[in-house]
There are 2 protein chains.
Amino acid sequence: MALNKSAVVDTALGLLHEAGLPGMSMRTLATRLNVQPSALYWHFPSKQALLTAVAERVLADVAPVEARASAADELRGVSRAMRIAVAGVPDGAEIVALGLAAGAVNPVAEAVGRTCARHGGGERAAGLTTALTAYVLGVTVEEQTHHNLAAVDPAMSRVDYDSRFDEGLEAMLAGMAG
Amino acid sequence: MALNKSAVVDTALGLLHEAGLPGMSMRTLATRLNVQPSALYWHFPSKQALLTAVAERVLADVAPVEARASAADELRGVSRAMRIAVAGVPDGAEIVALGLAAGAVNPVAEAVGRTCARHGGGERAAGLTTALTAYVLGVTVEEQTHHNLAAVDPAMSRVDYDSRFDEGLEAMLAGMAG
DNA sequence: ACCTGAACACCGTTCAAGT
DNA sequence: ACCTGAACACCGTTCAAGT
């Protein structure tokens, strides 16, 4: 049966979970799909386009956030939902950063928009979206880079990025939702 | 005369300004230094170690922030100083993110520490440092990725990251310094 | 101590040609 | 429409050998 974009993205995600971005070359991907590397270029114009499609799949997994009593609670919810989706796939932060730069729709933007509509302050939605998105990706890029380095050099000090993430998030939310 | 680390880092920065990270291969670097690629491995164990040294040089250029009347003013100052240093070199955000993950000292941490000492709230220094650092790198990684994509595909929409950065920063600072 | 020369094991991408 | 085969132009890294 013929290949299609969605099957390629599926296999790419599988490869990412097994070996991260360095293990996901066009060649390993083609091998896994029982196809020549050049076949992939009929479905995607470049590896970067393929990665953007992967990013969109990851972003589609960001859980929607239910309405809550305070704006801060909702903003904390979106941020954590995005972090969970992005941190769940190896090198996911780098891939999603690429996808957003390429123009993928940011689910945080819509969620923040709804929160501002519910709790007022709609004129701050853009700034809040930028702040939360960049924060989540910034922390998670560093975490996954650190993870990759530690895999090669076991002497590296470990860092608890989950609590670091929460600590930084609370510092941000302290006044944001006012 | 013999090569040394600092000359290699100088040349690497020059190459970055000319062609970004994709243009800075160990081979182009060696050619520019009139040396064989393998010669670089006497001075640095890997390209990643070299990039960490580049990151440290970039971070050393973060301008120190003078004392100001409010904590918010000082935090805005450090954030902007870091952004200027990092955005000043092509792909600088990605390189600095790698450097920090590898354990480079973060100048934001010291500056935030001094701000907290002056204006009180020392127990929040860690969260503030995480938030501001991840934010600056998150926005700037996206900006530089976007810039690289737009260079290849001129049809891409342009984004004003300077004002986006300021907008997000104000959203963060709104309550942080309270 | 510092570097060369040559190789190893890879990459992304293109493109004529096949079916 | 969808894919193969073969090539092009690169990578980072290693290591014996030179000086």
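What you see is a predicted model; the values in this text were computed from it and never measured. Every chain is numbered from 1 and lettered A, B, ... according to where its sequence line falls, protein lines coming before strand lines.
Using a 4.5 Å heavy-atom cutoff, the side chains of B/V139 and A/T133 are not in contact. A heavy-atom distance below 4.5 Å is not found between the side chains of A/R27 and A/Q36. Side-chain atoms of A/Y161 and A/H147, non-hydrogen and from C-beta on, never get closer than 4.5 Å to each other.
Between A/R164 and the choices A/E142, A/E143, A/E170, the salt bridge (charged side-chain N to carboxylate O under 4.0 Å, His left out) rule is met once, by A/E142.
Mapping A/R27 and A/P37 onto DNA chain D by nearest heavy atom places A/P37 closer to the 5' end of the strand. Residue whose closest nucleotide on DNA chain D sits further toward the 5' end, between B/T28 and B/S38: B/T28.
D/dA17 and C/dA1: their C1' atoms are spaced 15 Å apart (whole Å). The separation of C/dA16 from D/dC2, taken at their C1' atoms, amounts to 15 Å, rounded to a whole angstrom. A gap of 12 Å separates the C1' atoms of C/dC11 and D/dC8, to the nearest Å.
Under a 4.0 Å N-O distance rule, the pair A/R76/A/D166 does not qualify as a salt bridge. With respect to B/E74 and B/R118, a salt bridge is recorded, a charged nitrogen being found less than 4.0 Å from a carboxylate O. Salt bridge absent: B/R114 and B/E66 never bring a charged side-chain N and a carboxylate O closer than 4.0 Å.
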Worksheet item: For DNA chain C, what string of dots and brackets results from 5' to 3' when Watson-Crick and G-U pairs need both distances under 3.5 Å, crossing pairs get [ ], and pairs with another strand get |?
Response: ||.|||||...|||||.||
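Taking every nucleotide of DNA chain D with any atom under 4.0 Å from a non-hydrogen atom of chain B, the first and last of them, 5' to 3', are D/dC11 to D/dC15.
Sorted by residue number, the members of residues 40-52 of chain B with any non-hydrogen atom under 4.0 Å from DNA chain D read B/Y41, B/S46, B/K47.
At the heavy-atom level, A/S25 lies under 4.0 Å from the strands shown only through sugar-phosphate atoms. Using a 4.0 Å heavy-atom criterion, one finds that A/A39 contacts the bases of the nucleic acid, with or without backbone contacts as well.
A distance-only check finds no donor-acceptor pair linking the side chain of A/H146 to the backbone of B/L98 [under 3.5 Å].
Taking CG of B/D153 as the start and CG of B/N148 as the end, the distance is 12.5 Å to the nearest 0.5 Å.
B/V141 and B/F165 fall into different hydrophobic clusters, where Ile, Leu, Val, Met, Phe, Trp and Tyr residues are linked whenever their side-chain heavy atoms come under 4.5 Å apart, directly or through other members.
Side-chain contact of A/T28 with A/T31: a donor-acceptor pair under 3.5 Å is absent, judged by distance alone.
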